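Remarks on the structure that follows.
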Amino acid sequence: MQTTLGSSVTFDGVGLHSGAPVRMVLRPAPAGHGIVFRRTDIADADPRVAALWDRVTPSKLCTLIENDDGVSISTIEHVMAALTGVGVHNALIEIDGPEVPILDGSSAPFVEAIRKVGLRNLGGNLRAIRVLKPVEVREGEAVARLEPASALEIDFAIDFADAAIGKQAKSLNMANGAFVRELMDSRTFCRQADVDYMRANGLALGGTYENAVVVDGDKVLSPGGLRHSDEAVRHKMLDALGDLSLAGAPILGRYTGVRAGHAMTNRLLRALFADPQAWCWEDCSQQQAYGLPGAGVCRPALAAC
Ligand SMILES: [Zn+2]
């Protein structure tokens with residue numbers, strides 16, 4: 001069964017890259033609507049952009065979607081991960097600027113607010129995307145792959161020169177709230193050298209040592225240190241879930257990322273959907289629905305959790 005939010009939730013913050021103040025409201029939407037953003041500051045063009053893989057414009061630092069009129073929304077991955085991680089299938093996301101608020105750099109503030117209003121069950125059947133054969137994209141040493149599995153699994157490995165990050169790997173079956181227990185509070189991370197470079201190029205203007213884990217060599221510069229010793233790889237898995245959610249339906253398959261980023265995960269989805277032999281639609285049985293990432297995370301809206 002498809003779901004939406006029990007009621008609207010509002011977030012005020014700043015864009016990570018623009019530094020501009022932004023208000024974002026997640027609103028309930030009917031079955032079959034999917035996740036759609038609407039720019040409330042746009043009057044002279046189509047303000048709606050569907051959160052779908054074929055709307056993504058390649059971008060190294062974040063996931064950016066754009067409609068045919070050139071209206072875009074960037075840094076959507078953390079709120080998309082939150083929606084998938086708690087099992088929201090339909091929502092209208094109103095936003096008064098071009099970038100999602102970064103909040104604390106993780107998905108936790110989105111998840112906590114959604115859990116407060118709970119979910120509402122809608123009528124329509126839920127369809128999933130079953131991966132039928134391995135699909136892979138490579139770029140140098142980076143790999144992103146999808147292969148058949150009975151539920152969504154995410155494996156990720158990273159290798160950074162900075163000793164504060166170094167080599168990290170983690171593997172999770174995303175069923176039954178694993179996202180909320182293991183991934184949602186892990187923050188964006190970057191190196192001090194990247195911050196200096198981005199700032200010089202007018203990016204990361206909303207970045208702080210609080211909403212991003214900043215490292216320099218073997219030092220973590222953010223006060224309070226890390227939330228998990230492997231926070232970096234956990235955040236990469238969070239990003240992967242957000243980017244995979246742009247498939248438009250839950251994925252039944254195993255995702256493997258090695259040094260992969262937003263652009264590669266999007267190329268992987270494009271490769272999957274370009275090959276009709278590689279995937280099929282499948283009506284979710286009740287048993288499969290119980291194994292989806294958000295199953296059991298939120299109670300029904302009337303018994304607000
Ligand atoms: Zn991220």
Side-chain angles (χ1 to χ4, degrees), residues 11 13-19 22 24 35 37 51 53 56-65 72-86 93 95 98-112 142 144 154-158 160 162 164-165 168-170 172 174 178-180 182-192 194-195 197-198 203-215 220 222 226-228 230-246 255 257-269 293:
F11 303 92
V14 297
L16 175 62
H17 292 298
S18 64
V22 58
M24 185 171 79
I35 309 295
F37 285 80
W53 57 278
V56 172
T57 298
S59 169
K60 261 203 157 167
L61 298 171
C62 67
T63 298
L64 183 149
I65 51 172
S72 67
I73 296 114
S74 66
T75 322
I76 64 167
E77 55 271 22
H78 303 162
V79 69
M80 291 303 298
L83 291 167
T84 300
V86 301
I93 305 180
I95 184 163
E99 190 178 9
V100 169
I102 189 67
L103 305 180
D104 78 343
S106 80
S107 293
F110 299 120
V111 169
E112 283 156 7
I154 296 183
D155 296 350
F156 219 106
I158 55 174
F160 275 73
D162 294 71
I165 301 176
Q168 298 181 10
K170 190 169 172 69
L172 265 186
M174 300 303 299
F179 174 77
V180 170
E182 305 256 3
L183 304 182
M184 74 166 186
D185 64 344
S186 289
R187 295 161 293 172
T188 296
F189 62 95
C190 60
R191 302 181 304 179
Q192 182 62 49
D194 297 333
V195 175
Y197 178 80
M198 287 190 285
L203 292 166
L205 301 177
T208 66
Y209 287 119
E210 277 73 38
N211 64 23
V213 177
V214 183
V215 302
V220 176
S222 297
L226 300 171
R227 292 178 175 176
H228 307 274
D230 58 353
E231 185 169 356
V233 75
R234 288 175 192 245
H235 186 81
K236 295 295 283 187
M237 296 169 79
L238 179 162
D239 278 343
L241 182 68
D243 291 337
L244 290 171
S245 70
L246 298 178
Y255 169 91
V258 180
R259 300 173 165 211
H262 302 296
M264 278 194 81
T265 301
N266 185 249
R267 277 179 53 211
L268 180 65
L269 286 182

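Computed from a predicted model, the values in this text were never measured in an experiment. Indexing begins at 1, ligand by ligand and atom by atom, following the structure's order. Index from 1, following the sequence.
Of all heavy-atom pairs between G13 and L103, the closest is CA-CD2, 4.3 Å.
The distance cut-off of 2.8 Å around the Zn ion (ligand 1) captures these protein N, O or S atoms, sorted by chain and number: H78 NE2, H235 NE2, D239 OD1, D239 OD2.
Here E112 pairs with nothing under the side-chain hydrogen bond (donor to acceptor under 3.5 Å, both in side chains) rule; sequence neighbours left out. Listed by chain and residue number, nothing satisfies the side-chain hydrogen bond (donor to acceptor under 3.5 Å, both in side chains) test with S59 (two or more places apart in sequence, or in another chain). Residues forming a side-chain hydrogen bond (donor to acceptor under 3.5 Å, both in side chains) with Y209 (at least two apart in sequence, or on another chain): Q192.
Between I102 and the choices T208, N211, V22, the side chain to side chain contact (heavy atoms under 4.5 Å, CB included) rule is met once, by N211.
Two rings, from H78 and H235, have their centers less than 6.0 Å apart.
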